Amino acid sequence: MPTRTVPQTNVIIVSAPSGSGKSTLVRRLMEQVGGLVFSISYTTRDPRGEEKNGLDYFFVAKEEFQAMLGRDEFLEWAEVFGMHYYGTSKRFLDEARASGQDLLLDIDVQGARQVRAKLAGTISVFILPPSRQELEKRLLLRDGRVIERRLQQAATEIQGYAAYDYVLINKELEHASQCLNAIVLAARLNGNEPGSAAAPECKRLAESCRTAAVEKEIQPILETFK
Ligand code: ADP
Ligand code: 5GP
């Protein structure tokens, strides 16, 4: 994918409860839109399944994570679910800026709050499943089992949606994927990149996902988690 000359690096934050389809949507975004540096987080948790060190996460010991904290190497960090530390290394932002690309952060609600406080003009997207029942189905599809704790965590996490610029309801995959792509492309248009013939449609699609625009659809989803 060729690098783009951009006036500034857009920082795109994506958060979602586990199982809502975030990895699927992010993978499509990276492939279909490109021009993005994906920040690989550091975590103190153990790898799951097929996860690879340096690809999915940098898996480090607690002592190493704390040493990085001491050296002020993190843009943000959080103790997620009160169990493990997760952090975003500052070097991914440096890398994105140096290569003229946008930065994509897959982080939780606490991390998103810290990045917004540190960097102006971030673009944040919260991905919601269409219902608790559908989230259960997807967790089953992904992991072969549903862990009740994950559903409880999802119910807590989704309370944080209102702080995000966009809320993407991942019902029909193709549509949700087009919407996420459009949000990133629309941010580039705002940065005055030359627009193509598709630019107005892209802006329209992105605007349709503004948090205020989907508020009415969000409430019935939240009800299914009560
Ligand atoms: P996450 O990264 O949020 O944990 P995944 O991207 O791994 O979630 O998706 C969880 C499961 O749900 C996968 O099996 C994926 O193929 C499926 N999935 C994702 N989006 C949709 C969708 N819109 N409709 C149906 N199934 C989906
Ligand atoms: P998992 O352990 O299921 O991969 O991720 C658990 C949660 O941690 C997810 O909500 C994910 O977005 C979040 N997460 C992953 N990396 C980071 C990070 O670097 N910082 C923060 N704050 N959260 C992260």
Side-chain angles (χ1 to χ4, degrees), residues 1 10-59 76 78 80-81 83-89 92 96 101-112 115 122-147 149-158 160-161 164-185 209 221 225:
M1 186 62 60
N10 294 306
V11 175
I12 297 130
I13 303 168
V14 181
S15 304
S18 184
S20 49
K22 180 174 56 178
S23 313
T24 307
L25 292 168
V26 162
R27 198 177 317 117
R28 283 169 159 243
L29 174 70
M30 300 290 292
E31 285 166 10
Q32 296 172 5
V33 173
L36 289 149
V37 169
F38 179 78
S39 164
I40 302 167
S41 295
Y42 285 75
T43 181
T44 59
R45 80 153 166 80
D46 291 331
R48 279 195 307 247
E50 301 283 292
E51 287 179 335
K52 300 257 179 319
N53 187 39
L55 199 66
D56 300 286
Y57 281 105
F58 292 105
F59 297 98
E76 64 75 34
V80 178
F81 311 141
M83 286 200 297
H84 297 289
Y85 294 116
Y86 291 80
T88 303
S89 166
F92 286 99
Q101 298 185 82
D102 292 331
L103 178 68
L104 186 63
L105 304 178
D106 168 351
I107 57 178
D108 79 334
V109 174
Q110 312 168 68
V115 176
T122 58
I123 295 135
S124 58
V125 186
F126 196 92
I127 300 169
L128 270 180
S131 65
R132 184 187 201 270
Q133 291 79 349
E134 181 61 27
L135 185 66
E136 253 184 77
K137 273 192 208 158
R138 290 186 193 167
L139 284 169
L140 194 62
L141 201 68
R142 197 191 65 178
D143 300 339
R145 62 187 177 136
V146 178
I147 302 164
R149 187 170 46 84
R150 289 242 174 91
L151 290 169
Q152 285 163 8
Q153 283 158 357
T156 307
E157 280 178 280
I158 60 177
Y161 81 87
Y164 287 70
D165 301 308
Y166 299 94
V167 173
L168 203 56
I169 300 169
N170 181 17
K171 193 171 181 180
E172 204 274 306
L173 180 61
E174 194 53 45
H175 179 70
S177 176
Q178 291 303 318
C179 286
L180 183 58
N181 293 359
I183 290 167
V184 173
L185 292 168
C209 304
I221 296 173
F225 282 88

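What you see is a predicted model; the values in this text were computed from it and never measured.
The two atoms that bring S18 and R150 nearest to each other are OG-CD, 3.7 Å, heavy atoms only. Shown here for S177 and Q32, the closest heavy-atom pair between the two residues is OG-OE1, 3.9 Å. The nearest pair of heavy atoms linking D106 to K22 is OD1-NZ, 2.7 Å. Contact detail for L104 and L29: the closest heavy-atom pair is CD2-CD2, 4.0 Å. Of all the heavy atoms in Q110 and V80, the pair that sits closest is NE2-CA, 4.1 Å. Annotation for L105 and S39: closest pair CD2-CB, 3.4 Å, computed over non-hydrogen atoms.
In this structure, the separation between CG on L128 and CD on E134 is 12.5 Å, given to the nearest 0.5 Å. In this structure, OG1 in T88 is found 5.0 Å from CD1 in I107, a value given to the nearest 0.5 Å. The CG atom of L25 sits 4.5 Å away from atom CG of N170, with the distance rounded to the nearest 0.5 Å. S124 OG to D165 CG: the interatomic distance, rounded to the nearest 0.5 Å, is 4.0 Å. In this structure, I12 CD1 and L103 CG are separated by 8.0 Å, a value rounded to the nearest 0.5 Å. Note: T156 OG1 to F225 CZ = 10.5 Å, rounded to the nearest 0.5 Å.
The shortest side-chain heavy-atom distance between I158 and P17 falls under the 4.5 Å cut-off. Counting heavy atoms from C-beta outward, R27 and M30 have side chains that stay 4.5 Å or more apart. Annotation: side chain of N53 is in contact with side chain of F58 (closest heavy-atom distance under 4.5 Å). Put simply, the side chain of P129 does not reach to within 4.5 Å of the side chain of K137, judged on heavy atoms. Side-chain contact between L151 and L139 is present, with heavy atoms from C-beta onward closer than 4.5 Å. Side-chain atoms of S20 and I127, non-hydrogen and from C-beta on, do get closer than 4.5 Å to each other.
A salt bridge (charged side-chain N to carboxylate O under 4.0 Å, His left out) check over residues 168-184, counting only residues at least two apart or in different chains, returns the pairs R28-E174.
The backbone N or O of N10 sits less than 3.5 Å from a side-chain atom of D102, completing a donor-acceptor pair. A donor-acceptor distance shorter than 3.5 angstrom exists from the side chain of E51 to the backbone of R48, with no hydrogens or angles considered. Proximity of a side-chain donor or acceptor of S41 to a complementary backbone N or O of Y86 within less than 3.5 Å is not detected.
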For I123 and Y166, what are the C-alpha separation, side-chain angles and deciding distance, and is it a side chain to side chain contact (heavy atoms under 4.5 Å, CB included)?
CA-CA 8 Å; I123 295 135; Y166 299 94; 3.7 Å; yes
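By the 6.0 Å contact criterion, NE2 on H84 is enclosed, its count of non-hydrogen atoms from other residues, nucleotides or ligands being greater than 12.
Ring planes of F126 and Y164: perpendicular class, angle over 60° (limits at 30 and 60°).
The ring-ring contact (aromatic ring centres under 6.0 Å, His included) search around F59 returns Y57, not counting sequence neighbours.
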